[in-house]
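Have a look at the structure below before the remarks.
For clarity, every value in this text was computed on a predicted model and none was experimentally measured. Below, read A as the first sequence line, B as the second, and so on, with proteins coming before strands; counting in each chain starts at 1.
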Number of protein chains: 2
Amino acid sequence: MEANSAATGRAAAGETRASGGKEGRYHHGDLRNALIRAAIELAAEGGPDAVVLRAAARKVGVSATAAYRHFEGQSDLLGAVKEYGQQRLVACMEAVGRASEGVGPQAARDRMMELGRGYVRFAREEPGLYRTAFCRKALGAVGITEEGGLADAEGEQPGWETRSFELLTETLDDAVTAGLITPERRPGAELSAWAMVHGVAMLFLDGPLDTLTDEESSYVIDRVLTDVLAGLMSP
Amino acid sequence: MEANSAATGRAAAGETRASGGKEGRYHHGDLRNALIRAAIELAAEGGPDAVVLRAAARKVGVSATAAYRHFEGQSDLLGAVKEYGQQRLVACMEAVGRASEGVGPQAARDRMMELGRGYVRFAREEPGLYRTAFCRKALGAVGITEEGGLADAEGEQPGWETRSFELLTETLDDAVTAGLITPERRPGAELSAWAMVHGVAMLFLDGPLDTLTDEESSYVIDRVLTDVLAGLMSP
DNA sequence: CGCGGATGTTTACGCCGTCAACATGATGAT
DNA sequence: ATCATCATGTTGACGGCGTAAACATCCGCG
C-alpha cells in the first residue's frame, strides 16, 4: 500500500550480493531492489513474458521463495518492473520535450513532434521495457473523468500514466495558447495524440514496421505525427 | 506449409466428439478443428495467454499430447487461433465497409469512418480474439516494401494483414479518387490510419479507456477518426 | 485377411508459481 | 550479556505447463 519506489531506492549492491563482504551472507540486505533489477534485465531482454520469478531469484543467487518476503507473487514483481518502465518512458519524453523552449506556434509544434519522437524512440530502443510498461497484469487501474481527464482508481498518488498524460496535456495546452490548435479542437485531443503514438509504436514492435531502418522509421514517425497534428489543427 | 483453414473447414462435431456415435471413439475424426475451436473459446475468454494446449485438449476430451499429431506445438495452435481472429477482424471491417456505397467525397468519408468503427468495434466486442490476432508468437513475418506496401516473408499467399491492409488501401484510394484526400497526402496514409485505429483500440483494451460506456466510446472513436481524417485531408 | 501408417495414450522430464515448515540471524528488553 | 522475537531466507513439496519417447489402437489398402 505504501508506494513502491520501484528500484529508485538507494542501490547498495555491486553485482549479485549487497555490500562487498562475505559471499554466503544469509541475509541479502537489499533483496527487493536486487530482484527488481534482475527482473528489469529480464524484461528488457525478453519482454513481460520473460519476467520469471524463479529466473530473477536465480540471477540474484537466492532461492525462489525468498521473493515472497518482498512481493505478493510474480505479478507483483512484474508490476514493479512495469512501474520502472513507465518511469523510463516518461523520462524519455521529458528529455526531448524540454529541448525546444520557444514561444511561437512553431516552437509549440516542435515540442509536440519531439514529445512524440521521444515516445516512439523509447519504444524502439527498449521494446522489452515498453511492452512491460503496457503489460496488463497487476495494473493500478486508471479510470477517466469528463473530457479526457484521468483519475486513479484508489487515492494513490499520480502514477506514471497520469504523469505521462500530464506531459501530453501540458504540451497540448501549450499548443492552444500558442495558437497552434484552436480551443474548439482542444478537448479530447490527448486521445488522438496518445492513440497515434501508441499505435505507431505498436506497429513498430508487433506489426509490419518491425524491420525498418532508423532512417525509414524516422520518416514514418514524422509522417504520422505530422498527420495527427494536422488533424488537430484543422479548422 | 499448406494453408491452414483455421477452423473454417466443414465442422463435423456437435459438442466434444465428432459425429454423434459412441463416446469413447479412439479416433476423434476431426481433432485438429476441434482443438482449434476449443482454443478459440479459450482465447475469446482470456486472450492469448489463455490458449493453453493442455486446456484445449481437456476441453475436447483428449490427451494433451494428441495435439502434437496436428500442431507443431502450443505456438502453432496459437497461430491457428491468431489466424481465425484475423479473419474475424477482416470480416468485421468488410461488413461495415461495404455499407455505404455512394460515390461522392461524403460517401468516401463515411466509408473511412465505418471501416475504423468496425475495426474498433471488433476490438471491443472480442478483446480476447483481437489481442490474439496481434499476439507476437508464431507470426508469419510480414515486411514492408516502398511506401507502405506490404510483402509477405515467404511466398505464401496473402495473410490477413495483407487482406486487412488491402481493405484500408482500397478505401484510401477510393478517398483520393473521390477528392477527399489529395494525391500528395496519399502515400503512407495507411500508416497513419492504421496506427490511429490500432492505437485507440489498444487504449480501449489495455489503456485508460477500458471502463467507458458504449456511448462514450462511440464519441471517442468518432473524435479520433475525425482527427486522423482531418489530418489526411489537410492541404 | 493382414499389415502399415496415421492417430491417440501413457509415462516421464524439466520448468514454472506457490505454499508450508524450518533455519538463520538481527534487534530490543531484561 | 542473554535471550526471546520476528523479519528474512531455505528446503521440500504440489499441481500445472510444454514437450519428447514409447506404446496402443484403428483405418484403409494390398
Quiz item: C/dC16 C1' sits how many Å from A/Leu42 CG, rounded?
Solution: 14 Å
Quiz item: Which of these nucleotides, D/dC17, D/dA21, C/dC19, is closest to any side-chain atom of B/Thr65?
Solution: D/dA21
Self-check item: Side-chain donor-acceptor contact under 3.5 Å, A/Tyr84 with A/Arg88
Solution: yes
Practice problem: Provide, to the nearest angstrom, the distance between the CG atom belonging to A/Leu78 and the P atom belonging to C/dC16. | Solution: 15 Å
Practice problem: Measure from the side chain of B/Gln74, starting at C-beta and using heavy atoms only, and say which of C/dG8, D/dG18, D/dC17 lies closest. | Solution: D/dG18
Quiz item: Between C/dG14 and A/Arg54, is there an OP1 or OP2 to side-chain N/O distance shorter than 4.0 Å?
Solution: no
Self-check item: Gap between atoms CG and P, on A/Leu53 and C/dT18 respectively (whole Å)
Solution: 7 Å
Quiz item: Where each residue is assigned the nucleotide of DNA chain C containing its nearest heavy atom, which of B/Leu31 and A/Ala64 is assigned the position nearer the 5′ end?
Solution: B/Leu31
Quiz item: Between D/dG18, D/dT8, C/dT18, which nucleotide has the shortest distance from any of its atoms to the side chain of A/His70?
Solution: D/dT8
Self-check item: Flag side-chain contact, heavy atom, 4.5 Å: A/Met112 against A/Leu172
Solution: yes
Self-check item: Nearest-Å distance for atom pair NZ/P, residues A/Lys137 and C/dG17
Solution: 11 Å
Quiz item: Of all the choices, D/dG18, D/dC17, C/dT18, which nucleotide is nearest to the side chain of A/Tyr68 once you look at every atom?
Solution: C/dT18
Self-check item: Closest listed nucleotide, where the reference is the side chain of B/Val52 and the choices are C/dG17, D/dG9, D/dC17
Solution: D/dC17
Quiz item: Does a side-chain heavy-atom distance below 4.5 Å link B/Val200 with A/Leu191?
Solution: no
Self-check item: B/Phe165 ring center within less than 6.0 Å of B/Trp194 ring center
Solution: yes
Quiz item: Backbone N or O of A/Arg54 within a donor-acceptor pair of the A/Gln74 side chain at under 3.5 Å?
Solution: no
Quiz item: Residues from residues 44-51 of chain B sitting under 4.0 Å of DNA chain D, heavy atoms only?
Solution: none
Quiz item: Nearest-Å distance, CD (A/Glu72) to P (C/dC19)?
Solution: 10 Å
Practice problem: Return the value, rounded to whole Å, for the distance between atom CZ of B/Phe71 and atom C1' of D/dG18. | Solution: 15 Å
Quiz item: Quick one: are A/Phe134 and A/Gln86 in side-chain contact, heavy atoms under 4.5 Å?
Solution: no
Quiz item: How long is the line joining CG of A/Asp30 and P of C/dA26, in whole Å?
Solution: 16 Å
Quiz item: Can you find a pair of side-chain heavy atoms, one from A/Asp227 and one from B/Val228, that are under 4.5 Å apart?
Solution: no
Exercise. State plainly whether the residues A/Glu94 and A/Arg163 are in salt-bridge range, i.e. N to O under 4.0 Å.
Key: yes
Quiz prompt | Carboxylate-amine/guanidinium contact B/Lys137 A/Asp49, below 4.0 Å | solution = yes
Practice problem: With the side chain of B/Val62 defined as its heavy atoms from C-beta on, choose the nearest nucleotide among C/dC15, C/dT9, D/dT19. | Solution: C/dT9
Quiz item: If you write DNA chain D from 5' to 3' in dot-bracket form, with Watson-Crick or G-U pairs under 3.5 Å, [ ] for crossing pairs and | for pairs with another strand, what do you get?
Solution: ||||||||||||||||||||||||||||||
Quiz item: Is any NZ, NE, NH1 or NH2 atom of the basic residue among A/Asp214 and A/Arg124 found under 4.0 Å from an Asp or Glu carboxylate oxygen of the other?
Solution: yes
Practice problem: Tell me which nucleotide among D/dC17, D/dT10, D/dT19 gets nearest to the side chain of A/Arg69. | Solution: D/dT10
Quiz item: Atom CZ of B/Arg25 and atom C1' of C/dT9: how far apart are they, to the nearest Å?
Solution: 17 Å
